[in-house]
Amino acid sequence: MKIATFNINGINRRLDSLLEWLREAEPDVVCLQELKATGSQLPRAALEKAGYGAVWRGQPAWNGVAILARDTEPVLTRADLPNAPDAQARYIEAAVNGILIASLYAPNGNPQPGPKFDYKLAWLNRLNVHAAELLSAGVPVVLAGDYNVVPEPHDIYSTRSYDDNALVQPQSREAYRRLLGQGWVDAIRKFYPNETVYTFWDYRRNRWQRNAGLRLDHLLLSSALAHRLVGAGVDRQVRGHQSASDHAPVWIELTD
DNA sequence: ATGTCGGAACTTTTCCGA
C-alpha cells in the first residue's frame, strides 16, 4: 500500500501536474494540503475520472486539506482536531482499507515571535494531544502532511537565512520531537537514517536549481505500522514540472 | 530587505500569506 503526502499549493493551478503524477506514481492514498479552494471548487470529476475517491475540507483562498483513495471512498472520521473548532481548514482524517489516515497542514507561524507563531505552537500542541489519543486507541494510523517544522539541522541546506524563521525555532522542533516521543515513527527518517532528504524548495532565489531545500512534509507511523515500512521516497521530478508547487510529493510503501 | 508564487479584491495592480 502506497501512501503519499503532497502540499499542492493550489489544486486547480496544479491539476494537470497532479493528474500526471497520479498516473505515474499510482499511490493508493494521497494526502493533499493547501488546496486553496472551497469544496465546490474542488475538481471532483477529474479526480473521479483518475480513479480516486476523496474527502476534503476546503475554504476560500487559503489552506484546505484532502484525502484521496484509489478505487474507494475514504470514510471520514473527522475534519478538525478535537476540542476547539479551527476556523482554518488544516486537518482531515479518514479510514482507508483498515488504516486511519490524517492529512494535516500545520500553521507556518511566521513572523515569530507574534500571534501567528503562538497559533502554530498551540496548533501543534492540539495535534500532540489528539495523536496521543490515537496511539492509545491502538489502531494503525498515518499522520501525513506539511508540519511546517524542519526537524533537525541536516533537514535544511546550509544557510543562516532561516535562523529567525518559525520553521526551525526550538519551540517548533520541540513540538515535533514530543510527537516522536509518544512513539510515532518518522517514516522518511527511518528509511533514510543518514541521507539528506528535502521536500520543499522556496520559489525565491533559485532555491530549486541550487537544491537549497528543507524537509517539512512528514509521514508519521503509529507503532503498529512501523514494521510494515518497506519503501519511501520523494518524487522530486514533480517539483521540476511547469508551474510546480514549491513542495514535492513524499511517499511510503507499506506491506499488506 | 530581498527574492517568487497563488488567490482575491468590486482589480487590471495591489495586497496578503507562504
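None of these values were measured; they are calculated from a predicted model. Letters go in sequence order (proteins before strands), and every chain restarts at 1.
For the pair A244(A) and D146(A), nearest-nucleotide mapping onto DNA chain B gives the more 5' position to A244(A).
The CZ atom of R90(A) sits 10 Å away from the C1' atom of dA18(B) (whole-angstrom rounding). Between the CG atom of D246(A) and the C1' atom of dG17(B) there is a distance of 12 Å, rounded to whole Å. As a whole-Å value, the separation of K120(A) NZ from dG17(B) P is 16 Å. Computed from coordinates, the L42(A) CG to dG7(B) P distance equals 13 Å when rounded to whole Å. When rounded to the nearest whole Å, the span between CG of N165(A) and C1' of dA18(B) equals 10 Å. Separating the CG atom of N110(A) from the C1' atom of dG17(B) is a distance of 10 Å, rounded to the nearest angstrom.
Q41(A) is linked by a side chain to side chain contact (heavy atoms under 4.5 Å, CB included) to N12(A), A37(A), T38(A), counting only residues two or more places apart in sequence or in another chain.
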Please produce a list of atom pairs where a protein N or O lies less than 3.5 Å from an N or O of nucleotides 2-4 of chain B.
| from | atom 1 | to | atom 2 | distance (Å) |
| --- | --- | --- | --- | --- |
| dT2(B) | O2 | R205(A) | NE | 3.4 |
| dT2(B) | O2 | R205(A) | NH2 | 2.3 |
| dG3(B) | O6 | R204(A) | NH1 | 3.3 |

List every contact pair, protein side and nucleotides 11-14 of chain B side both N or O, where the distance is under 3.5 Å.
none

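A side-chain donor-acceptor contact under 3.5 Å links N211(A) and R236(A).
Of the residues in residues 57-68 of chain A, A61(A), W62(A) come within less than 4.0 Å of DNA chain B through at least one heavy atom, sorted by number. Residues from residues 5-20 of chain A that place a heavy atom under 4.0 Å from any atom of DNA chain B, listed by number: N9(A), G10(A), R13(A), R14(A).
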Requested in this report: Go through N9(A) and Y203(A) one step at a time and tell me if the side-chain contact (heavy atoms from CB on, under 4.5 Å) criterion holds.
Outcome: CA-CA 12 Å; N9(A) 189 15; Y203(A) 289 121; 3.2 Å; yes
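For CZ of R44(A), the number of neighbouring non-hydrogen atoms (other residues, nucleotides, ligands) closer than 6.0 Å is 12 at most. The neighbour count for D163(A) CG, taken as heavy atoms of other residues, nucleotides or ligands under 6.0 Å away, is above 12. Counted within 6.0 Å of CD on E48(A), heavy atoms from surrounding residues, nucleotides or ligands total 12 or fewer; the atom is thus considered open.
Using a cutoff of 4.0 Å between basic side-chain nitrogens and carboxylate oxygens, K2(A) and D28(A) are not scored as salt-bridged. Under a 4.0 Å N-O distance rule, the pair D186(A)/R215(A) qualifies as a salt bridge.
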Donor-acceptor list for residues 99-114 of chain A side chains, cut-off 3.5 Å, not counting sequence neighbours:
| from | atom 1 | to | atom 2 | distance (Å) |
| --- | --- | --- | --- | --- |
| S103(A) | OG | L32(A) | O | 3.0 |
| S103(A) | OG | Q33(A) | NE2 | 3.1 |
| S103(A) | OG | A66(A) | O | 3.3 |
| Y105(A) | OH | E34(A) | OE1 | 3.4 |
| Y105(A) | OH | E34(A) | OE2 | 3.4 |
| N108(A) | OD1 | N110(A) | N | 2.9 |
| N108(A) | OD1 | N110(A) | ND2 | 2.9 |
| N110(A) | OD1 | A166(A) | N | 2.9 |
| N110(A) | ND2 | N165(A) | OD1 | 2.9 |
| Q112(A) | NE2 | D164(A) | O | 2.9 |

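Distance check on atom C1': dT12(B) versus dG7(B) gives 15 Å, rounded to whole Å. Taking atom P on both nucleotides, dC15(B) is separated from dT11(B) by 14 Å, rounded to a whole Å. Straight-line distance between the P atoms of dG6(B) and dC10(B): roughly 22 Å, to the nearest whole Å. Between dT13(B) and dA1(B), the two P atoms lie 28 Å apart (nearest whole Å).
Looking only at distances, no side-chain donor or acceptor of R239(A) sits under 3.5 Å from a matching main-chain atom of W208(A). Between the side chain of R178(A) and the backbone N or O of N128(A), no donor-acceptor pair lies under 3.5 Å.
Note on F200(A): nothing from the nucleic acid sits closer than 4.0 angstrom, heavy atoms only.
With contacts defined as side-chain heavy-atom distances shorter than 4.5 Å, the pair L22(A)/Y52(A) qualifies.
Ring-plane geometry between H247(A) and F200(A) is classed as tilted, the angle between the planes lying from 30 to 60 degrees on a 0 to 90 degree scale. Note: H218(A) and Y176(A) have tilted aromatic rings, judged against thresholds of 30 and 60 degrees for the angle between ring planes.
Closest approach to the E34(A) side chain among dA8(B), dA18(B), dG7(B) is made by dA18(B) (side chain taken as heavy atoms from C-beta onward).
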